[in-house]
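Input: a single structure, listed below in structure tokens.
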Amino acid sequence: MSLNCPICNSPSSFFTSKKDRFLQEYKYYKCKNCRFLFDEDLVKDKKNLEIKTSKVYDKDYFSSVDSGWKERGDKMIKVINFFISAFRLIKPSGLSILDYGAGNGYVTSKIGKNEKVFYYDKYESPTYQGKYDILKEPKETDILCAVELVEHLTDIKEWDLLSGFSKSFMIITTEVSNGIEDKNLVDWVYVNPNAGHTGIYSFEALFLIAKQHGYFYIFFPYKFSHIFFKNKLLSRFNFVKLEYFVYKLLKIFKKLI
């Protein structure tokens with residue numbers, strides 16, 4: 001059976017099947033064009049996918065399933081604050097930042113210093129306090145942060161919402177499958193229904209999403225940190241393809257020295 005990719009509409013073939021701890025089945029398909037890996041219900045039954053994934057986020061999620069969230073969060077906070085400092089040069093009068101899908105608020109509480117920071121999550125309430133405002137509905141800001149969010153989407157159209165709430169920049173953090181062979185991708189820790197991962201992206205898939213929404217896309221300094229800069233003209237150029245080529249060369253060079 002073949003499904004059309006929800007990102008580029010190209011044929012996608014069945015890749016692997018996995019079950020979560022509640023024995024719910026996830027059938028992952030892989031796009032032949034952009035290499036997006038996704039659960040079939042992201043195309044066939046978005047409502048069922050939302051119901052299915054909602055069960056995995058129980059009260060023990062952060063202790064039994066995602067125990068490394070704080071360590072990863074600290075790494076992501078450094079990346080986000082680095083780019084906030086850079087963007088501050090463009091708008092020294094002050095930036096507004098929306099942490100979309102902010103979970104327990106840990107990252108929200110540690111990003112920005114003099115900026116206006118907003119927290120939004122449609123499923124959770126923050127347990128970490130900080131100098132941020134809690135929103136019942138998201139609002140447009142200069143910078144939108146989505147930390148480990150997009151791999152959990154149950155509707156690919158939520159990218160439209162993310163784009164709509166960003167005036168200038170989006171900082172997206174998610175792991176990508178580039179550099180992982182299919183034989184290893186099957187057992188890769190990110191292809192994990194227990195974590196509620198419904199879509200695994202590639203650089204190609206993220207470039208297409210950025211282009212569709214008028215963003216110039218780069219990744220830096222890690223493969224999990226993705227910067228979207230709103231510019232329709234530059235969005236047509238796949239700069240990340242060159243970036244990844246250089247990245248691979250540097251990795252080879254590092255092994256040699």
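In this text the structure is predicted, and so the values were computed from the model without any measurement.
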Side-chain H-bond candidate by donor/acceptor type, [X] with [Y], under 3.5 Å:
X	Y	value
Glu151	Tyr190	yes
Glu158	Tyr100	yes
Ser168	Asp142	no
Ser17	Glu25	yes

What orientation do [X] and [Y] show, parallel under 30°, tilted 30 to 60°, or perpendicular over 60°?
X	Y	result
Tyr201	Phe36	tilted
Phe83	Phe87	tilted
Tyr128	Trp69	perpendicular

Quick one: [atom1] on [X] to [atom2] on [Y], what's the gap to the nearest 0.5 Å?
X	Y	atom1	atom2	value
Lys30	Ile200	NZ	CD1	12.5 Å
Gln129	Thr108	CD	OG1	10.5 Å
Phe219	Phe228	CZ	CZ	13.0 Å
Ile7	Asn33	CD1	CG	10.5 Å

**Request:** Kindly indicate whether a cation-pi arrangement holds for Lys241 with Phe203, taking the cut-offs as under 6.0 Å to the six-membered ring centre and within 45° of the axis.
**Result:**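 Not flagged: Lys241 not positioned over aromatic ring of Phe203.
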**Asked** So is Lys27 actually on top of Phe14's ring, under 6.0 Å and inside 45° of the axis?
**Response**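 No cation-pi geometry.
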Common cluster, [X]/[Y], ILVMFWY with side-chain heavy-atom separation under 4.5 Å:
X	Y	answer
Phe229	Leu233	no
Leu89	Phe82	no
Leu161	Tyr123	no
Ile111	Tyr222	yes
Tyr28	Val186	yes

Determine whether [X] and [Y] make a side-chain contact, defined as any pair of heavy atoms from C-beta on separated by less than 4.5 Å.
X	Y	value
Ile143	Cys145	yes
Phe15	Leu37	yes
Pro126	Ile134	yes
Ser225	Met76	no
Phe216	Ile227	no
Cys8	Cys31	yes
Asp133	Tyr119	no

Under 3.5 Å donor-acceptor, [X] side chain and [Y] backbone:
X	Y	answer
Ser2	Ser12	yes
Thr53	Leu49	yes
Lys18	Val191	yes

**Request:** Apply side-chain contact (heavy atoms from CB on, under 4.5 Å) to the pair Tyr132 and Asp99, showing each step before the final yes or no.
**Result:** CA-CA 10 Å; Tyr132 59 82; Asp99 191 1; over 6 Å; no
Testing the basics here: between [X] and [Y], what is the closest heavy-atom pair and its distance to 0.1 Å?
X	Y	result
Leu153	Leu42	O-CD1, 3.6 Å
Leu234	Asn231	N-OD1, 2.9 Å
Arg35	Ser177	NH1-OG, 3.5 Å

**Message:** Any salt bridge linking Asp41 with Lys47? Criterion: basic side-chain nitrogen under 4.0 Å from a carboxylate oxygen.
**Reply:**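 Salt bridge flag = no for Lys47 with Asp41.
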**Message:** Looking at Lys52 and Asp39, is any side-chain nitrogen of the basic one under 4.0 Å from a carboxylate oxygen of the acidic one?
**Reply:**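 Salt bridge flag = yes for Lys52 with Asp39.
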**side-chain contact (heavy atoms from CB on, under 4.5 Å) evaluation trace for Ile97 with Thr141** = CA-CA 6 Å; Ile97 303 163; Thr141 57; 5.5 Å; no
**Prompt:** Can you check side chain to side chain donor-acceptor pair (under 3.5 Å) on Tyr26 and His197, steps first, answer last?
**Reply:** CA-CA 10 Å; Tyr26 291 69; His197 290 182; over 6 Å; no
**Message:** For Lys19, is the NZ atom crowded, meaning more than 12 foreign heavy atoms sit under 6.0 Å from it?
**Reply:**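 Not more than 12 within 6.0 Å, no.
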**Request:** Please lay out, stage by stage, how Tyr217 and His226 fare under the test side-chain contact (heavy atoms from CB on, under 4.5 Å).
**Result:** CA-CA 7 Å; Tyr217 165 47; His226 313 278; 2.8 Å; yes
**Request:** Carefully, step by step, assess Arg72 and Glu148 under the rule salt bridge (charged side-chain N to carboxylate O under 4.0 Å, His left out).
**Result:** CA-CA 10 Å; Arg72 295 196 314 278; Glu148 294 195 309; 2.9 Å; yes
**Asked** For Ile90 and Phe169, what are the C-alpha separation, side-chain angles and deciding distance, and is it a side-chain contact (heavy atoms from CB on, under 4.5 Å)?
**Response** CA-CA 11 Å; Ile90 300 173; Phe169 300 95; 3.8 Å; yes
**Message:** Going by salt bridge (charged side-chain N to carboxylate O under 4.0 Å, His left out), name the pairs with one or both residues in residues 225-239, residues two or more places apart or in two chains.
**Reply:**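 The answer is none; no pair qualifies.
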**Item:** Non-neighbouring partners of Asn178 that pass side chain to side chain donor-acceptor pair (under 3.5 Å), sequence neighbours left out
**Value:**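 Partners of Asn178 by the side chain to side chain donor-acceptor pair (under 3.5 Å) criterion, ordered by chain and then number, come out as Glu204.
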